[in-house]
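Indexing begins at 1, ligand by ligand and atom by atom, following the structure's order.
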Amino acid sequence: MVTSTALPTSLSPAELPAVVEEELGATPFIDIHTHLFMPSLGNLGLWGIDELLTYHYLEAELFRSNEITPAEYWQLSKRAQADLIWRTLFVENAPVSESTRGVVAVLHAFGLPTDASDLGKAREFFQAQSPEAHIRNVFKLAGISEVVMTNDPLDPLEAPLWKKGAAPDRQFQPVLRLDRILNRWAEHWQALVAEGYSVNADATGKSVDEIRRFLADWCGRMAPVYMACSLPDTFQFPESSIRGRLIAEAVLPACREFGVPLSLMIGVRYQVNPAIRLAGDAVGRADLRALEHLAVTYPDNRFLVSLLSRENQHELCVYSRKFRNLMPFGCWWFLNNPSIVEEITRERLEMLGASFIPQHSDARVLEQVIYKWRNTRRTLAPILTRAYQTLTEDGRGVSRAEVRRDVHRLFRTNFEQFAGARH
Ligand code: FIX
Ligand code: ZN
């Protein structure tokens with residue numbers, strides 16, 4: 001009996017748009033960077049309409065469309081802040097910006113009015129939700145199987161919860177975030193001393209070994225899928241600074257020891273306008289020779305890399321072609337707008353094939369994953385379709401199985417394999 005190993009049929013250019021959309025819709029994504037927290041970390045996790053509206057992206061937009069000063073705004077209760085933002089950006093103005101449209105999409109996803117003059121109905125709905133069930137429902141609506149958190153071992157609210165043994169959650173992967181240690185040592189070294197680690201102000205003597213011990217303790221406690229740090233646009237490496245030394249002598253060796261990548265999010269101009277708090281950060285173009293040096297000097301380390309500046313994206317693609325221990329991910333923060341996501345993703349596809357991670361949500365409020373992933377699927381579908389149609393025109397068709405494989409790779413396996421994530 002002859003069994004036919006018929007090749008999967010190639011799709012016609014006309015069939016491709018629907019198949020790409022279906023495969024993007026059917027694949028649960030891994031959201032590799034968020035500021036969401038698992039239920040056992042209690043009230044650290046933000047959700048609901050008041051949190052959605054007082055998101056720092058919307059606060060930045062409020063101050064452009066309302067006379068209130070930041071000082072007056074911070075005097076208001078969270079509820080009053082949300083009411084003001086709703087009135088200013090959704091009632092007195094059409095919510096056409098990416099961030100305002102996002103809130104509309106969330107309300108719409110729950111069948112709530114999107115053009116009400118007040119938040120009565122929305123508040124009623126969210127108050128009626130039980131957190132755990134709501135999380136699972138939101139993840140389903142967003143088409144994600146799990147999120148990766150941002151966990152700060154020196155955060156006075158979060159750290160004690162981990163020490164008390166916060167229950168792990170398979171839909172929330174932990175990350176060891178090191179900004180306080182690497183970027184603000186002067187402010188935080190004493191917190192380490194208070195925890196029993198003998199470090200000092202200029203990180204000399206036993207400090208490096210003690211930081212290694214600190215990282216090992218937290219890897220034991222948290223089993224992070226990676227370590228991470230955001231870095232300024234002025235970041236240099238090598239750099240004769242406490243940060244440079246701790247990265248080289250403590251963080252990178254610890255990453256090798258525990259087999260996890262280091263995530264570098266580079267290009268922030270911190271607090272250019274401190275009056276608007278989280279909304280007060282800006283962007284600057286970084287000198288990527290720091291990345292070149294890291295990739296060359298530490299071939300046994302893996303680096304997840306996200307850059308804030310639009311002008312740095314092409315260089316990152318080029319460096320990623322040179323060094324497979326670099327994994328570009330996401331269109332971070334000010335880049336997370338469809339016009340820019342399209343530009344960056346097309347360039348990455350043309351230069352890297354499917355060997356990159358297109359997006360992360362950076363969600364700070366639970367329900368944001370609904371619109372951030374809906375936008376990503378909406379932006380990616382025509383880009384992938386066009387790529388397959390061009391390939392077909394050039395003489396090679398693709399099958400549904402191949403589309404599915406690429407989508408899985410872009411939104412799941414690239415991360416799983418690069419991070420050596422447990423599953
Ligand atoms: O450093 C980061 O992880 C940034 O994503 C945040 O600090 C930033 O405030 C943010 O929310 C971006 O979307
Ligand atoms: Zn973030």
Side-chain angles (χ1 to χ4, degrees), residues 30-37 44-47 51-63 70 97-103 142 144 147-155 158 172-184 188 224-235 243 261-284 286 303-310 312 328-338 340-341 344 357-373 375-376 415:
I30 299 176
D31 190 345
I32 78 156
H33 173 61
T34 74
H35 298 267
L36 303 180
F37 294 94
L44 291 181
L46 306 179
W47 61 287
E51 297 296 347
L52 282 168
L53 286 167
T54 54
Y55 180 37
H56 69 83
Y57 288 35
L58 292 171
E59 289 172 335
E61 293 175 26
L62 170 77
F63 295 121
S97 75
E98 173 69 7
S99 310
T100 50
R101 206 162 30 78
V103 176
I144 56 176
V147 300
V148 176
M149 302 183 281
T150 296
N151 309 100
D152 181 344
L154 289 180
D155 180 287
E158 183 179 358
F172 291 81
Q173 308 286 350
V175 150
L176 206 43
R177 181 76 180 233
L178 305 174
D179 292 43
R180 288 183 205 236
I181 292 174
L182 295 179
N183 295 336
R184 294 152 56 202
H188 294 287
V225 287
Y226 60 78
M227 297 189 197
C229 191
S230 80
L231 293 158
D233 58 330
T234 54
F235 174 63
R243 175 172 56 209
L262 176 62
S263 171
L264 301 170
M265 307 179 81
I266 311 173
V268 189
R269 295 192 63 72
Y270 297 101
Q271 295 296 283
V272 295
N273 181 359
I276 57 176
R277 302 186 185 174
L278 268 181
D281 295 334
V283 57
F303 300 94
L304 286 161
V305 182
S306 203
L307 304 176
L308 196 51
S309 162
R310 190 178 184 176
N312 276 145
F329 78 94
C331 302
W332 183 26
W333 201 344
F334 309 117
L335 299 173
N336 194 358
N337 298 298
I340 306 176
V341 171
I344 294 173
I357 300 170
Q359 190 57 297
H360 63 277
S361 73
D362 229 318
R364 280 181 173 273
V365 183
L366 175 69
E367 297 85 358
Q368 288 172 341
V369 291
I370 294 172
Y371 74 84
K372 291 192 184 231
W373 287 112
N375 292 345
T376 298
F415 175 67

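With hydrogens and angles left out, the side-chain atoms of Y57 and S97 include no donor and acceptor closer than 3.5 Å. Side-chain atoms of N375 and E98 include a donor-acceptor pair closer than 3.5 Å.
What you find for A142 and V369 is that their closest heavy atoms are CB-O, 3.5 Å. When every heavy atom of I32 is checked against every heavy atom of Y226, the shortest pair comes out as O-OH, 2.5 Å.
Its N, O or S atom nearest to the Zn ion (ligand 2) is what matters here, and for D362 that atom is OD1.
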Side chain to side chain donor-acceptor pair (under 3.5 Å) assessment of Q368 paired with D362: CA-CA 9 Å; Q368 288 172 341; D362 229 318; over 6 Å; no
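Counting heavy-atom neighbours within 6.0 Å of R101 CZ, excluding the residue itself, gives a total above 12.
In terms of protein heavy-atom proximity, atom 4 (C) of ligand 1 is closest to W332 NE1, 3.6 Å. When hydrogens are left out, the protein atom nearest atom 10 (C) of ligand 1 is H56 NE2, 3.5 Å; that is the closest non-hydrogen contact. Closest to atom 11 (O) of ligand 1 among all protein heavy atoms lies R364 NE, 2.7 Å. Scanning the protein for heavy atoms near atom 13 (O) of ligand 1, the closest one is Y57 OH, 2.5 Å.
Any N or O atom pair closer than 3.5 Å counts here, and D281 shares no such pair with ligand 1. Considering backbone and side-chain N/O atoms, D179 never comes within less than 3.5 Å of an N/O atom of ligand 1. Geometrically, ligand 1 and H33 share a nitrogen or oxygen pair separated by less than 3.5 Å.
Seen from the Zn ion (ligand 2), atom NE2 on H35 and atom NE2 on H33 lie at an angle near 110° (rounded to 10 degrees).
In terms of modelled atom types and a separation under 3.5 Å, the side chain of D233 and the main chain of R269 share no donor-acceptor contact.
Put simply, the side chain of Y55 does not reach to within 4.5 Å of the side chain of L46, judged on heavy atoms.
Closest heavy-atom approach to atom 1 (O) of ligand 1 within the set H35, R177, K372: this belongs to R177.
In the vicinity of D362, heavy-atom distances shorter than 4.0 Å reach the ligand 1 atoms 5 (O), 12 (C), 13 (O).
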